[in-house]
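Here is the structure we will look at, set down as structure tokens.
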There are 2 protein chains.
Amino acid sequence: MEYNEAKDRFIRAWGTLGANWGINKAMAQIHALLLVATEPLSAEEIMEQLQMSRGNVNMNLRALMDWGIVKKEHKVGERKEFFTAGKDVWELAKQVSRERRRREIEPIIQVLSELQNVSGNDKKAVAEFKKLTSELYEFSSQVDGMIEKFSKSDQTWFYKLLMKI
Amino acid sequence: MEYNEAKDRFIRAWGTLGANWGINKAMAQIHALLLVATEPLSAEEIMEQLQMSRGNVNMNLRALMDWGIVKKEHKVGERKEFFTAGKDVWELAKQVSRERRRREIEPIIQVLSELQNVSGNDKKAVAEFKKLTSELYEFSSQVDGMIEKFSKSDQTWFYKLLMKI
DNA sequence: TTTAACGTTCAAATATTTCTGAAAGTTTAA
DNA sequence: TTAAACTTTCAGAAATATTTGAACGTTAAA
């Protein structure tokens, strides 16, 4: 397969994957483009290569920087800002799981813990409700803990874990 | 907190969680309602309790059955169909990870493997591209394997794993 | 200062997803 | 058969999410 075709396919696949996981397509595609780029890219270059508007590129670059997976750079003698994505897959995975944990798992754990002090007349319903939510709480907390561990670990830990499985 | 308020909060939180993870809100809310229900519910009852149209409820019930997390039941002497969600959190997690693996991880692995036979004039770019995509491929395959293991495992395995971490 | 070269913002346009409700289909009992 | 009680489908409506582009900031060199 020709390089340019492969690059396109990769960018589109990354966009689709992102969309499946609740990340907008443009954001995922910009990330993919920066991942395969051999040099830092300017907003201008991203606009051109992905056929997106300036505003869209700007917004999504900021979102990517919020996620901590894209960095801004300056070249000497250039006014323009350039952007890069870390190429280390391991670091990327850790960063993404760290952020999703913070943004999505922590809030549901918070809600589940608040639901524990429920009361009411229908004893059976209340008991079942408590059982369900406390089990969900337990499970979520365990997953949360695993992800925390993972997002602070080094690659060796992960490989050791893989062996054990 | 009063039972009905808690139930509402749970349903809304579940809906939001779903939406964050690319599952539509109605589907997640129906699932939440069935999770807390003490009895199987008919489409009618779901429509009423969640204030949704017949069509919406029907569509999303089918999607939930596709995911294998909601089942249809029949009561003796009743024409109507009733629906239930399995209350076992462990089973639920396994089923969801099994489906997401099949629907979302497998396809990206497929694409990544196809990208391996890339060629082109810009040797540096091609080499970097291969490195990136093969590392992503490796990582995805490992995660895929872990999820497969998980989705076939029993709870004991998970607890043992937790201990090791 | 002024001005050119950028970056940022946001209201409006567009695209996408979800939802509704009525019509069509199906099943069962009489 | 017929008819009542349900389920399914789907075109259009509504809601939501994304994208655009032009106006507005900001910076730095002249």
Side-chain angles (χ1 to χ4, degrees), chain A residues 11-12 14-34 39-67 70-84 100 103-104, chain B residues 11-34 39-67 70-84 103-104:
Chain A
I11 290 169
R12 275 185 283 121
W14 208 242
T16 304
L17 182 78
N20 273 332
W21 288 80
I23 285 155
N24 102 35
K25 206 176 68 177
M27 183 170 155
Q29 288 187 337
I30 294 173
H31 185 237
L33 178 60
L34 291 173
E39 292 288 311
L41 299 180
S42 66
E44 209 79 33
E45 289 167 316
I46 296 170
M47 282 168 61
E48 174 140 340
Q49 292 206 40
L50 300 181
Q51 295 290 310
M52 283 176 195
S53 72
R54 183 174 298 286
N56 200 10
V57 168
N58 183 280
M59 264 179 29
N60 284 298
L61 277 173
R62 263 186 304 117
L64 286 163
M65 290 189 286
D66 269 4
W67 274 75
V70 161
K71 300 264 179 268
K72 200 183 272 192
E73 276 191 18
H74 290 277
K75 287 191 185 171
V76 287
E78 288 257 29
R79 274 287 286 290
K80 258 187 281 213
E81 296 173 331
F82 290 83
F83 300 89
T84 54
R100 292 206 86 145
R103 297 168 191 227
E104 292 147 19
Chain B
I11 289 170
R12 277 186 283 120
W14 208 242
T16 304
L17 184 77
N20 274 331
W21 288 80
I23 285 155
N24 101 38
K25 207 176 66 177
M27 184 171 154
Q29 289 186 339
I30 294 174
H31 184 236
L33 177 61
L34 291 174
E39 293 286 312
L41 299 181
S42 67
E44 209 78 35
E45 289 166 315
I46 297 170
M47 284 168 62
E48 174 140 343
Q49 293 206 40
L50 300 180
Q51 294 292 308
M52 282 175 195
S53 72
R54 183 173 298 285
N56 199 13
V57 167
N58 183 280
M59 263 179 29
N60 283 298
L61 278 172
R62 261 185 307 116
L64 286 163
M65 290 189 288
D66 269 3
W67 274 76
V70 161
K71 300 262 179 271
K72 200 183 271 192
E73 276 191 17
H74 291 275
K75 288 190 185 172
V76 287
E78 289 257 28
R79 274 289 287 289
K80 256 186 282 217
E81 295 174 332
F82 290 82
F83 300 89
T84 54
R103 296 168 193 228
E104 292 147 17

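Note: hydrogens, waters and symmetry copies are ignored here, and every other heavy atom, side chains too, is used. First the proteins, then the strands, lettered A, B, ... as listed; each starts at 1.
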[X] near the nucleic acid: base, sugar-phosphate alone, or nothing, with a heavy-atom cut-off under 4.0 Å?
X       : result
B/Glu81 : sugar-phosphate
B/Asn56 : base
A/Met59 : base

Roughly, in whole Å, what's the span from [atom1] in [X] to [atom2] in [N]?
X       : N      : atom1 : atom2 : result
B/Lys80 : C/dT27 : NZ    : P     : 19 Å
B/Met47 : D/dA5  : CE    : C1'   : 14 Å
A/Lys72 : C/dT8  : NZ    : C1'   : 10 Å
A/Phe83 : C/dT8  : CZ    : C1'   : 11 Å
B/Leu50 : C/dT20 : CG    : C1'   : 15 Å
B/Phe82 : D/dC6  : CZ    : C1'   : 11 Å
B/Met27 : C/dT17 : CE    : C1'   : 14 Å
A/Asn20 : C/dT17 : CG    : C1'   : 14 Å

Does A/Arg79 make a side-chain donor-acceptor contact with the base of D/dA28, cut-off 3.5 Å? no
Going by modelled atom types, is there a donor-acceptor pair between the base of C/dT8 and the side chain of A/Arg54 at under 3.5 Å?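 There is none.
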Comparing nearest nucleotides in DNA chain C, the 5'-proximal residue of the pair A/Arg62, A/Glu78 is A/Glu78
Can B/Arg62 be said to sit on top of B/Trp67's aromatic six-ring, NZ or CZ under 6.0 Å from centre and within 45° of the ring axis?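 Relative to the ring axis of B/Trp67, which defines the angle, B/Arg62 lies outside at least one limit.
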Quick one: do B/Ile30 and B/Leu61 satisfy side-chain contact (heavy atoms from CB on, under 4.5 Å)? Show the steps, please. CA-CA 8 Å; B/Ile30 294 174; B/Leu61 278 172; 3.8 Å; yes
Less than 4.0 angstrom between a side-chain N/O of A/Asn24 and OP1 or OP2 of D/dT19, yes or no?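 Checking A/Asn24 against D/dT19: at least one side-chain N or O falls below 4.0 Å of OP1 or OP2.
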Determine: side-chain N/O of B/Asn58 to OP1/OP2 of D/dT7, distance under 4.0 Å, yes or no.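 The answer is no; no side-chain N or O of B/Asn58 sits under 4.0 Å from OP1 or OP2.
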Does B/Gly55 or A/Ala26 map to a spot on DNA chain D nearer the 5' end, using the closest nucleotide for each?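 Result: B/Gly55.
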Which heavy atom of A/Ala63 sits nearest a heavy atom of A/Met27, and at what distance? CB-SD, 3.8 Å
Reference residue B/Phe83; test side chain to side chain contact (heavy atoms under 4.5 Å, CB included); the match among B/His31, B/Met65, B/Lys71: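 Among the candidates, only B/Met65 passes.
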If I take atom CD1 from residue B/Ile46 and atom CG from residue B/Leu34, how far apart are they, to the nearest 0.5 angstrom?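 Going from CD1 on B/Ile46 over to CG on B/Leu34, the span is 4.5 Å.
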